[in-house]
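Here's the structure, in structure tokens; my notes come after.
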Amino acid sequence: MTTAADAAASLLAELAAHGIRDVVISPGSRSQALALAATHLARRGVIRVHVRIDERVAGFTALGLARETRVPAAVICTSGTAAANLLPATMEAFHAGVPLVLLTADRPPELRGVGANQATVQPGLFDPFVRLALDAPVPGDGSWEGLAAQAVAAAMGADATPAALPGVAGPVHLNLPAREPLSGALPEDYAAVAGAAPEPEPGTPVVLERSARTVVIAGADAGAPAEEVAFAGGWPLIAEIVSGARFGRQIVHGYRALLRDPALGGRIERAIVLGHPTLSRELTALLRRDDVEVIAVRSGGEALNLNGCTTAAASVAVADGENDRGWLGEWMQASAASVVDLSENAPDQDGLHSDDFAVRREAVRAELDAVRRPLDRELLVDSVWRATWPHDRLMFGSSRLVRVADAVLGGKKVAVHTNRGLAGIDGTVATALGIAIASQAEGAAGVTRVLLGDLAFLHDVGALLLPPDEPEPRIQVIVGNDGGGTIFDALEVAATAPREDLDRAFYTPHTARLEDLARAYGWDYQQITTRAALDQALTSPVTGRQLIEVPLLR
Ligand SMILES: Cc1ncc(C[n+]2csc(CCOP(=O)(O)OP(=O)(O)O)c2C)c(N)n1
Ligand SMILES: [Mg+2]
């Protein structure tokens, strides 16, 4: 007879054979066979297991692991509300195009709908947000063979459900019912081989002619291909700070004002979009224009189509021919005039080394003033951006800070992550921990930094809890603490709501002591108020988990 233990063992072996390396598990009874097969394979180095008691945190941790590796991460949980806690991360993964394999244990069909303990309706729970959903048979009634292959292929973009866009990665759901015995000894010779990581399906590129006055737009997760297209076509590159494409000679500084300018933004005829732009009204307005031809490379579960006639492309390539230097030149000139000068924050090297004592003294005084100046949002984002190098990872939460960063920071070729699929303030710390763990696997160097607001931090405090026996990630969680959600101060509600209501229901003030939280969860803690101290903290070697609190004025 096939038991839950046999079926779970072969499912996990098959997942490993299809390239899955990271499995996040949460404790539970119904899922015991799956968890035990996973820990067995982890002990033999075939996969890595990460244990999180909160399934919501587990889901976002898997999301972070998969964001970084671009390989599906699996999540195992028990039946009941445990499964529902995977929903936020699943929604984000669907909209951001991140591959996940959800393995939810369930009661057998005869125990559903009859009031049995911890039994609810799990099939279909994630339906609008998964590329494939299967309610597997109870082992013995049917087989789980082949499910893993199907799940991994669908997660990598195989066209499984009619609603899912082909070629885009995303989450899949395997609901796995089991009867007693829920676990047992694994076969003596139980083993698995780690197969090669699955590759995304390439898809045929749309070839771009050179004629039109074109801009390349890089939204969240666009990455280096956006810069390559802009370079190949000789087009200006409007790259959001979260795009991973804000580098190269063709980036446009201060793009919001330039998009509003009728002489520049107004003359755009074509926009090539990679990734998911969400940070500015100006880009949204451009992509809604019906006089602009928009070609969007698919990046998430939903095709971008703000103007109702956007062409979706699997990828883009630039046709041979001559670049239009004039159009790029106009943008580059305007861009050069829009660079935000943060250099007043940087030391005046000439002055500091001048032979003239008076000049030197003045430079030292200015330098001291600068390093003692209380931190504001611009100084904070500048300091974090400067401290980040290609082997590091930077994650932005959804808060005012990411918008300030987008507005003022220059170009740099570094890996940036953010959950802009749905721009939730949930799961930011857990996602960043997943990114840290994946990017630092097998001895790789680098630090992961996450920059977020105080409410986003408090929303995900549970993610600070890590098991003592897992490798220590090198991470700096940097909280810009302005005592609540100040993003609302600049939104419509601030103009309509009475002040008292704005404060109570939107700003939502708190007096949480972040230091106590950090200590309770075993994190190092520093409160930092000056530029000098911040630069010092961000450039010192990091060996573990640090919480850095930066008080900011509302
Ligand atoms: C899960 C979720 N709930 C609510 C929101 C709405 N929301 C957007 S920003 C924000 C406040 C963020 O505050 P904080 O993290 O302190 O950043 P700040 O704006 O103060 O910089 C809220 C509640 C959201 N995006 N996601
Ligand atoms: Mg805040």
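Atoms within each ligand, like the ligands themselves, are counted from 1 in listed order. All values below were derived from every heavy atom in this structure, side-chain atoms included, with hydrogens, water molecules and symmetry-related copies excluded.
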field: Ion pair check, Arg52 and Glu470, cut-off under 4.0 Å
entry: yes

- prompt: In the protein, how many N/O/S atoms are under 2.8 Å from the Mg ion (ligand 2)?
  reply: 3

query: Does the side chain of Asn419 come under 3.5 Å of the side chain of Thr431 through a donor N or O and an acceptor N or O?
result: yes

- prompt: Is it true that Arg545 and Glu472 make a salt bridge, defined as a side-chain N closer than 4.0 Å to a carboxylate O?
  reply: yes

query: Do the charged groups of Asp221 and Arg67 touch, with an N to O distance under 4.0 Å?
result: yes

query: Between the side chains of Tyr525 and Glu549, is a donor N or O closer than 3.5 angstrom to an acceptor N or O?
result: yes

task: Quick one, list the residues around ligand 1 where some non-hydrogen atom comes in under 4.0 Å, by chain and residue number.
output: Ser399, Arg400, Ala423, Gly424, Ile425, Asp426, Gly453, Asp454, Leu455, Ala456, Asp482, Gly484, Gly485, Thr486, Ile487, Phe488

statement: What one should report as the nearest heavy-atom pair of Gly80 and Gln122 is N-OE1, 2.8 Å

query: Does the side chain of Asp392 pick up a donor-acceptor pair with the side chain of Thr388 at under 3.5 Å?
result: no

field: Between Asn307 and Asp290: side-chain donor-acceptor atoms closer than 3.5 Å
entry: no

- prompt: Does the pair Arg386/Asp535 count as a salt bridge with the N-to-O cut at 4.0 Å?
  reply: no

